[in-house]
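Notes follow the structure.
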Amino acid sequence: MQAAAADLHRGISIVTSVPNRPVLSRTVQENEPEFVPAAGLVLGQLPGIPSVASEVDPRGAAWNPLTRLQFATRQAVQVAVAGTLAILVGSLISGQRYYWAVIAAFVSFAGTGTRFDTTRKSLLRVAGTLGGLVAGVVVARLTNGNLFAALAVIVASIFCGNYLMRISYAYMIFFLTIMLSELYALLGQFSDELLLLRLDETAAGAAVGIAVALLVTPVSTRDTIKVVQGSVLAAVADLLGTLHDRALDPGSVSADAVDERVIAADNQLRRLVLVGEPLTRYQIWENRPRAIRRRLTLVANIVATARSLSDAASRLRQPDGELAVEIGKVADLARTAAGPNGDGAAPAAVPVLAGEPLDPSARAITQNLPTQAHAALDRLQALLREIA
């Protein structure tokens, strides 16, 4: 025991002697640049689908004046309409518990941006409530009369609901319903009829949310995918424009500038995968998940190939005018493939036709670096032609 105590004391001394962070002088701390994230953050996290859908025009612009409003205003109108209808429908089911329908309708628009996303979230809420209802009845009867067991179930439900929420919204609602069952049991108000009433009110509120999402300024998921795809290709074109300038004069473009363009293209790809991922699986209604998966794969390969090209071009130490010309050709093709959604300009120094084939005679065979760059350009040009 004495030896163990001595080892423990020595270990604690070592741990406490290590500072939590390096000790910097006051001058260094004051001049330390502020951290700037590569992608815009919302509450410290990467932005979700609403940040993507806000760039897309809703359907029905010809007859619906609400489509001319900003995204936040349109969503506020949707929530107001859904909340009013949920009060009316929920009151018909129960004049005392109608707020469950209002909550279900309100939450349907929280963190969603497209009509498909709202519909999916509403259905997941109903599915989670149904599963939690069955589990809640069983668990509440097993813990009946045992206060500590009921409190343990409540704490475990809170933990599991928050932990699994990122996997599926239905998991959070499932454990939330179990927690409510235990709370009503502790308050002496638990009954099977009460949980069935909650299911009815939740289904009614979800139905109202779906109807409003489909009819009041609906934003199509497929339109959103097209817009974000154009943004990805425009970001790739900007990256190629930066690489074109670096190939002409390696000293004029820093490696940080190239990395910034690469990160911007990766962020646009993340937004595309975020909005397109729900359509990669079969749904209740007709969709083409294989076509969506193939398109997402093509765009991902374009970004990956552009990243590989940037790695090769970043290691250039001497100007390479021939490589710059060919990069300019592919940049022009990327800008053309981006369509009207792209918001940049093709490199003005290389006025060539979009999709002009690369010149094999300009390739250096004896040097590894230009060969790697030209191979990436070949693949990038083929991918852009396929997606265009």
Side-chain angles (χ1 to χ4, degrees), residues 38-39 46 228-274 276 293-338 342 344-347 349-350 352 354-388:
L46 291 173
V228 183
Q229 176 182 303
S231 300
V232 176
L233 297 179
V236 171
D238 292 338
L239 170 60
L240 294 176
T242 303
L243 297 180
H244 167 267
D245 296 338
R246 182 173 177 81
L248 287 177
D249 185 6
S252 64
V253 180
S254 64
D256 291 340
V258 176
D259 291 341
E260 181 181 353
R261 294 297 187 183
V262 172
I263 293 174
D266 286 337
N267 184 49
Q268 293 295 337
L269 177 62
R270 180 196 66 82
R271 298 168 74 230
L272 177 62
V273 173
L274 179 67
R293 287 197 296 267
R294 181 176 180 275
R295 180 163 292 271
L296 293 180
T297 302
L298 275 176
V299 178
N301 285 335
I302 288 174
V303 175
T305 306
R307 191 186 305 114
S308 175
L309 174 62
S310 68
D311 178 66
S314 297
R315 289 184 278 118
L316 285 173
R317 296 295 178 264
Q318 299 295 329
D320 191 335
E322 295 175 345
L323 179 62
V325 170
E326 297 198 0
I327 292 178
K329 296 177 184 179
V330 181
D332 186 52
L333 177 59
R335 186 70 63 190
T336 302
V350 191
V352 296
E356 182 179 341
L358 303 181
D359 184 8
S361 62
R363 305 180 186 184
I365 300 177
T366 58
Q367 300 178 6
N368 183 41
L369 182 60
T371 303
Q372 177 184 350
H374 282 95
L377 280 172
D378 276 341
R379 177 168 174 75
L380 188 56
Q381 181 177 236
L383 291 170
L384 288 170
R385 285 178 172 174
E386 185 173 358
I387 202 168

Atom pairs and distances, side-chain donor-acceptor, residues 254-266, under 3.5 Å, sequence neighbours left out:
residue: Ser254; atom: OG; partner: Ala257; partner atom: N; Å: 3.3
residue: Arg261; atom: NE; partner: Thr242; partner atom: OG1; Å: 3.4
residue: Asp266; atom: OD1; partner: Arg307; partner atom: NH2; Å: 2.6

Measure the spacing between CD1 of Ile302 and CD1 of Ile387 and express it to the nearest 0.5 Å. 4.5 Å
Can you give me the closest heavy-atom contact between Leu333 and Arg385, atom names plus distance? CD2-CG, 3.9 Å
Tell me the closest heavy-atom pair linking Ala247 and Ile327, and the distance in Å. CB-CD1, 4.4 Å
Minimum-distance pair of heavy atoms, taken over all atoms of Leu269 and Val232: N-CG2, 3.8 Å
So, taking the atom named CG in Leu384 and the one named CG in Leu240, what distance separates them when rounded to the nearest 0.5 Å? 7.5 Å
Can you measure from CD (Glu386) to CZ (Arg295) and round to the nearest 0.5 angstrom? 9.5 Å
To the nearest 0.5 Å, what is the distance between CG on Asp378 and CD on Glu326? 8.0 Å
What one should report as the nearest heavy-atom pair of Ala324 and Leu248 is CB-CD2, 3.5 Å
Only counting residues at least two apart or in another chain, list the ones meeting side-chain contact (heavy atoms from CB on, under 4.5 Å) with Asp249. Ser252
Stepwise, does the side-chain contact (heavy atoms from CB on, under 4.5 Å) test hold for Val236 with Gln268? CA-CA 9 Å; Val236 171; Gln268 293 295 337; over 6 Å; no
Donor-acceptor pair, side chain of Asp332 and main chain of Gly328, under 3.5 angstrom: no
Nearest-0.5 Å distance, OG1 of residue Thr297 to CZ of residue Arg294: 9.0 Å
Closest contact, heavy atoms only, Arg246 versus Ala313: NE-O, 3.3 Å
Could you grab the distance from atom CG of Asp238 to atom CG of Leu233, nearest 0.5 Å is fine? 11.0 Å
With sequence neighbours left out, what residues match Leu296 under side-chain contact (heavy atoms from CB on, under 4.5 Å)? Leu272, Thr280, Ile292
Nearest atoms (heavy-atom pairs only) where Ala376 meets Thr305: O-CG2, 3.3 Å
